[in-house]
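Reviewing the structure listed below.
In what follows, every chain begins at residue 1, and chains take the letters A, B, ... in the order their sequences are listed.
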Amino acid sequence: MPRKHKIFYALAGLHLLMVGLFASHMGEWGRDAPLLKAASKIGDYTGSNNIFSFFAPALSDQPYVVYAVKDTSGHEQLIDLKGSSPDFTNRINNVYGYLTLPEGRDVFAASLARFVSRQYPGADKIRVAMVVQQIPDMSSYRKGERCRWRFWFHRDFKTSNLQTAQHAP
Amino acid sequence: MKKISTRARGFFTQQVPAQTLGAFRIATGFFALVQLFVLLPDWLPLYGPQGILPWEVSDALSIRSTPGLSFFAKGFAAAGLSSQSTVWIVTGIYFLSLTGLTAGYKTRIMAILAYLMHTALNTTGHFTAYGVEMFAHIALFYCIVLPVNISWSVDNWKKPVSVPPYLVTLSVRLIQLHLCIMYTASGLEKALGAQWWNGEAIWIAMQQDQFHSVNIDWMARTPIVPKLLCWGTLLIETIYPVGMLWSKTRKFWLLGILSMHAGIAIFLGLPLFGALMFLLNLTAFGESSFPGLFRINRKKRFAFKSTILHHKQKLEPAS
């Protein structure tokens, strides 16, 4: 086999080895290891550093966010962020998923509030409220239990503060 | 042992039709174009500097090393262009490069441009991205490094592209093995959860408001149905390499996985994800499962035309 062929086979083998190792959660084995960091950076470009845990190992309750917008005259309305494309819901639900992490809650809630404030320029206050859809298991469903929405948390923002935060260093 | 070694060698040396790579390129480019048009009405909320997550936030929280839109915006700012203009310039280049890639015109350059623009868009929008972007990124990367212009391309039409057969085989095997690793990992991860053994995973997924597109309340009374669907998913994903690489099961496995992705597209409200996975599986394993699927050569086309003509003549009354 010519050397060039061997190189191509070796590169393909190495790429697949990385795909396999990262799929086995290699990224979590030792986050600070320099070799791992380098492999992960290469993987960012080659698509070899992914884990494939779609709907796995289990599905959890689904978070959702509603917005209460109050204008300067005290008029309040409830907003449900809907996009124009059918895939928008799937994408915004990803962002809502990050609100379940306590460490990311403030920054994600503020970003969402700021986005809503741009859609409603007359808004004075915005409440970002997260609710979670709890789905009963099949046995409980047979006994009469039904899906319900449970309030999780809320954050209030004054739109003037959101504008200030935007320009803060 | 010798038999295994001979089979493994055969797997990497056996000639594979070049059309597989052409089909893979067209599927990737065409899918990305469709996705672009589907998302276009929400482009700025998803990728704009003042979108759902402003650039400052997505840049600050990003752990990826790939360049985002703000990287390009800094460059364009020197020319007096705004951040929003950067989004539209990147989008324009993305559209043109995808069109070129799909047609197979200056394929490698187009693939590099499409890959870079897709990477920039999804580095910025990675908090809104999901599995579909991961696979689009992988597919576009393969369009750069693999000889995907070898068939059904303007490049090949203008001047025949010469690629040694071993490289075509290696390229196809690379895509196939990537899919094998992905499905096995995905199946094993699912198998770790009790919900995939007792059928609750399908029940919960289809009851979730996000994915709820059909009424499945009846499933609670017949739990064997979601249980069988879950077990089927575990089986088809976990031993995907065996099912796909063994000639006796390949056809059925491909039909099974295609049905699964069609189901995801229709019943879970994930048409883009379902469509991309459907196309990737079809292009990677379609030809080996159904020989001749991608080999639409002149002879066949001529034969097809002749058959139509023959039927037409039979149908038309004699004058």
Side-chain angles (χ1 to χ4, degrees), chain A residues 1 5 8-9 11-12 15-16 19-20 23-24 40-41 44-48 50-62 64 81 83-95 98 104 107-108 110-112 114-115 118-119 133 135-142 147 149 166, chain B residues 12 35 38-42 45-46 50-54 57 61 64-66 119 125 127-131 134 137-138 141 166-167 170 173-174 177-178 181-183 185-186 189-196 199-201 203-205 207-210 217 219-221 223 226 269-272:
Chain A
M1 187 191 283
H5 294 199
F8 283 142
Y9 277 107
L11 285 173
H15 174 69
L16 289 173
V19 173
S24 322
S40 186
K41 274 192 179 178
D44 280 344
Y45 289 92
T46 60
S48 59
N50 298 303
I51 53 167
F52 304 102
S53 48
F54 307 113
F55 298 104
L59 285 96
S60 48
D61 296 335
Q62 190 200 347
Y64 204 71
L81 264 189
S84 310
S85 64
D87 206 42
F88 184 83
T89 312
N90 295 325
R91 288 166 187 267
I92 200 158
N93 279 335
N94 265 9
V95 178
Y98 288 101
V107 70
F108 280 98
S111 298
L112 288 164
R114 201 173 108 181
F115 180 73
R118 286 177 184 278
Q119 316 290 309
Q133 187 193 17
I135 298 160
D137 57 33
M138 286 185 279
S139 137
S140 307
Y141 191 90
R142 283 195 296 274
C147 298
W149 292 91
Q166 181 192 334
Chain B
F12 286 103
Q35 189 195 32
V38 168
L39 293 177
L40 210 53
D42 293 312
L46 292 171
Q50 306 299 337
I52 298 167
L53 286 181
V57 176
L61 296 177
R64 295 169 72 107
S65 52
T66 46
T119 302
F127 285 105
T128 58
Y130 61 104
M134 181 200 293
H137 179 74
I138 293 168
F141 172 71
Y166 89 92
L167 205 51
L170 178 63
R173 298 303 183 220
L174 188 62
L177 291 174
H178 198 144
I181 295 170
M182 186 280 283
Y183 280 110
S186 179
E189 296 224 18
K190 285 185 178 81
L192 293 173
Q195 285 179 357
W196 284 96
E200 294 289 342
W203 164 256
I204 293 172
Q207 282 287 2
Q208 281 191 349
D209 212 46
Q210 175 186 356
D217 292 353
M219 272 191 188
R221 290 184 298 277
L270 293 166
L272 289 176

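Looking at A/Y9, the atoms closer than 4.5 Å to chain B (heavy atoms on both sides) sit in the backbone and in the side chain alike. Contacts of B/F12 with chain A are made by both backbone and side-chain atoms, with heavy-atom separations under 4.5 Å. With a 4.5 Å cut-off on non-hydrogen atoms, B/V38 touches chain A through its backbone and its side chain both. The contact between B/L177 and chain A is made by backbone and side chain atoms together, counting heavy-atom distances below 4.5 Å. A/Y141 touches chain B through its side chain: at least one heavy atom from C-beta onward sits under 4.5 Å away, while N, CA, C and O do not. For A/N93, the part sitting under 4.5 Å from any heavy atom of chain B is the side chain, from C-beta outward, and nothing else. Both the backbone and the side chain of A/L16 come within less than 4.5 Å of a heavy atom in chain B. Proximity to chain B is limited to the side chain of A/Q133, based on heavy atoms less than 4.5 angstrom apart. There is no contact between B/L40 and chain A, counting heavy-atom distances below 4.5 Å. In this structure, the portions of A/Y45 lying under 4.5 Å from any heavy atom of chain B include both its backbone and its side chain. With a 4.5 Å cut-off on non-hydrogen atoms, B/T119 does not touch chain A at all. In this structure, chain B has a heavy atom under 4.5 Å from the side chain of A/I92, while its backbone stays farther away. With a threshold of 4.5 angstrom between heavy atoms, A/S60 approaches chain B through N, CA, C or O but not through any side-chain atom.
Ring pair B/F141/A/H15 is tilted by interplanar angle, where 30° to 60° counts as tilted.
Residues A/S85 and B/D42 bring a donor and an acceptor atom of their side chains to less than 3.5 Å of each other.
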